Amino acid sequence: MAGTGEIWPILLARHEEIRSITAIDISHQMHLHALDRLHKDRSSRIEHLEADFLANELPAAFADIAISSFGLKTLNRSQQAIFAKDLARILKPGGVFSVIEASDPEGWILRPFYRFYLDRILPLIEKLFLKGAQDFSMLGIYTSEFQNCSHLAACLQDEGLDVVQTRYFFGCATGLAGRKPAGREKPIKARR
Ligand SMILES: C[S@@+](CC[C@H](N)C(=O)[O-])C[C@H]1O[C@@H](n2cnc3c(N)ncnc32)[C@H](O)[C@@H]1O
C-alpha cells in the first residue's frame with residue numbers, strides 16, 4: 001500500500017542501514033507516479049511490486065521492517081484479518097512494523113464538526129476547486145467504515161505479534177506499532 005512513498009525519504013534518511021525498500025501497491029499508476037515525480041534520485045534503493053498485499057507472494061520471513069501509512073482504510077474486517085496474517089508471515093522474527101490510518105475520532109467533543117468537514121466540506125472543496133478529483137471525498141465513508149485500528153490490533157495479536165496502539169490528533173488517526181517476537185513465533189502455515 002506504498003502509494004507514492006511519501007515516507008521513504010524519511011525512512012532512508014533516518015536509517016542508513018536500510019539497503020532497500022520493497023514498495024507494494026496494487027495500482028500501476030501509483031508506482032509510475034512515485035518514480036516519475038518523487039523518487040528518481042533514490043530509485044536504485046526501491047523495488048516496485050505491483051500486487052495485492054492480501055494475496056502477495058513474498059517469501060515468509062522476508063522483511064526486517066514493514067510500514068503502511070494510510071493504506072488500510074479500505075479494508076473490511078475479514079480483509080484486516082488476512083492483512084494481519086500476511087504481515088506476521090512476511091516479517092522476520094524480531095522484525096518490527098508500524099501502520100497508521102485515518103480514523104473516526106469516537107468520543108472527541110469536536111467529532112460532529114470534524115465529521116461535517118469530512119462528509120460535506122471536503123467533497124465540496126474537491127468538486128469546486130480540484131477539477132472533480134475524488135481523492136478525499138471518500139474519506140468520510142472510509143473512516144466511518146474503518147473506524148480505527150483496534151480490530152487490526154486484535155488480529156495482529158491473534159497472529160502472535162506484540163502490538164501497541166496509539167491515537168493521534170484526538171483519534172482522527174490511529175496507529176499500531178510492534179514486533180514479531182524472536183523465537184516464539186507461531187508456526188508458518190502453508191499459503192492459502
Ligand atoms: C492513500 S494511498 C497511500 C498513500 C501513501 N502513504 C503515499 O505516500 O502515497 C493507499 C494506497 O494503497 C493502495 N492499496 C489499497 N489496497 C491495496 C492492496 N490490497 N494491496 C496493495 N495496495 C493497496 C492503493 O493503490 C493506494 O496507492
Side-chain angles (χ1 to χ4, degrees), residues 1-15 18 20-43 45-60 62-63 65-91 96-105 114 117-119 122-123 125-126 130 132-149 151-153 155-156 159 166 168-169 171-177 191-192:
M1 295 135 169
T4 51
E6 285 160 359
I7 215 167
W8 306 338
I10 301 163
L11 254 189
L12 291 172
R14 282 210 190 159
H15 297 279
I18 294 179
S20 68
I21 291 175
T22 302
I24 304 174
D25 202 287
I26 203 166
S27 157
H28 185 64
Q29 283 306 322
M30 277 295 192
H31 289 295
L32 293 183
H33 196 58
L35 263 178
D36 285 356
R37 299 259 325 264
L38 299 169
H39 303 292
K40 276 198 176 124
D41 52 338
R42 57 183 78 86
S43 58
R45 294 172 78 187
I46 297 164
E47 194 182 319
H48 290 265
L49 184 57
E50 193 177 320
D52 179 351
F53 181 75
L54 305 180
N56 77 76
E57 296 188 347
L58 290 172
F62 168 81
I65 302 171
I67 57 169
S68 168
S69 59
F70 306 105
L72 304 169
K73 59 186 148 313
T74 54
L75 303 186
N76 63 29
R77 288 186 154 228
S78 48
Q79 288 171 324
Q80 288 175 44
I82 298 171
F83 177 93
K85 203 175 274 295
D86 256 331
L87 184 62
R89 187 182 67 80
I90 65 161
L91 272 182
V96 293
F97 67 90
S98 176
V99 303
I100 186 166
E101 190 49 87
S103 302
D104 191 338
Y114 182 64
Y117 169 72
L118 281 187
D119 296 334
L122 211 46
I125 292 173
E126 276 197 327
L130 297 174
Q134 292 191 318
D135 301 36
F136 297 109
S137 52
M138 292 299 289
L139 211 51
I141 295 169
Y142 289 151
T143 51
S144 289
E145 295 288 324
F146 179 76
Q147 292 284 300
N148 55 51
C149 284
H151 179 68
L152 181 60
C155 295
L156 291 166
E159 295 303 323
T166 308
Y168 301 97
F169 315 115
C172 297
T174 51
L176 307 174
R191 286 208 56 88
R192 297 171 294 281

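Order of listing sets the numbers, starting from 1, for every ligand and every atom in it. Numbers here simply count residues along the sequence, with the first being 1. Keep in mind that this is a model prediction, so the values were computed, not measured. Note: hydrogens, waters and symmetry copies are ignored here, and every other heavy atom, side chains too, is used.
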Heavy atom of the protein closest to atom 18 (C) of ligand 1 (residue, atom name, distance):
D52 OD1, 3.6 Å

Do other residues, nucleotides or ligands put more than 12 heavy atoms under 6.0 Å from the CD atom of E50?
yes

Do L49 and E57 have side chains that approach each other closer than 4.5 Å (heavy atoms only, starting at C-beta)?
no

Is there a donor-acceptor pair closer than 3.5 Å between any side-chain N or O of E101 and the backbone N or O of K73?
yes

Stepwise side-chain contact (heavy atoms from CB on, under 4.5 Å) test for L152 and L75
CA-CA 10 Å; L152 181 60; L75 303 186; over 6 Å; no

Here the atoms of ligand 1 under 4.0 Å from any heavy atom belonging to F53 are 18 (C), 19 (N), 20 (N), 21 (C)

Closer than 4.0 Å to some heavy atom of S27 - which atoms of ligand 1 meet that?
25 (O)

Show your working on side-chain contact (heavy atoms from CB on, under 4.5 Å) between F146 and D104 and close with a plain yes or no.
CA-CA 8 Å; F146 179 76; D104 191 338; over 6 Å; no

For atom 2 (S) of ligand 1, what's the nearest protein heavy-atom neighbour? Residue, atom name and distance, please.
F70 O, 3.9 Å

Return yes or no for this condition: an N or O of D25 is under 3.5 Å from an N or O of ligand 1.
yes

Heavy atom of K73 under 4.0 Å from ligand 1?
yes

Atom 23 (C) of ligand 1: closest protein heavy atom, distance to 0.1 Å, is M1 CG, 3.4 Å

Which atoms of ligand 1 have any heavy atom of G5 under 4.0 Å away?
7 (C), 8 (O), 9 (O)

min-distance protein heavy atom vs atom 22 (N) of ligand 1 -> I26 N, 3.1 Å

Look at atom 5 (C) of ligand 1 and say which protein heavy atom is nearest, naming residue and atom and giving the distance to 0.1 Å.
A2 O, 3.5 Å

Could you tell me how the ring of W8 sits relative to the ring of H48: parallel (under 30°), tilted (30 to 60°) or perpendicular (over 60°)?
perpendicular

Is there a side-chain contact between E6 and F70, using heavy atoms and a 4.5 Å cut-off?
no

Who's the nearest protein heavy-atom neighbour of atom 8 (O) of ligand 1, and how far?
E6 N, 2.8 Å

Can you tell if the side chain of F97 reaches within under 4.5 Å of the side chain of L176, non-hydrogen atoms only?
yes

Give the residue, atom name and distance (to 0.1 Å) of the protein heavy atom nearest atom 4 (C) of ligand 1.
S69 O, 3.8 Å

Per-atom contacts, ligand 1 versus M30 - under 4.0 Å to a heavy atom:
27 (O)

T22/F62 under side-chain contact (heavy atoms from CB on, under 4.5 Å): CA gap, chis, key distance, verdict
CA-CA 10 Å; T22 302; F62 168 81; 3.5 Å; yes

Numbered atoms of ligand 1 (with element) below 4.0 Å of A51, judged on heavy atoms:
20 (N), 21 (C)

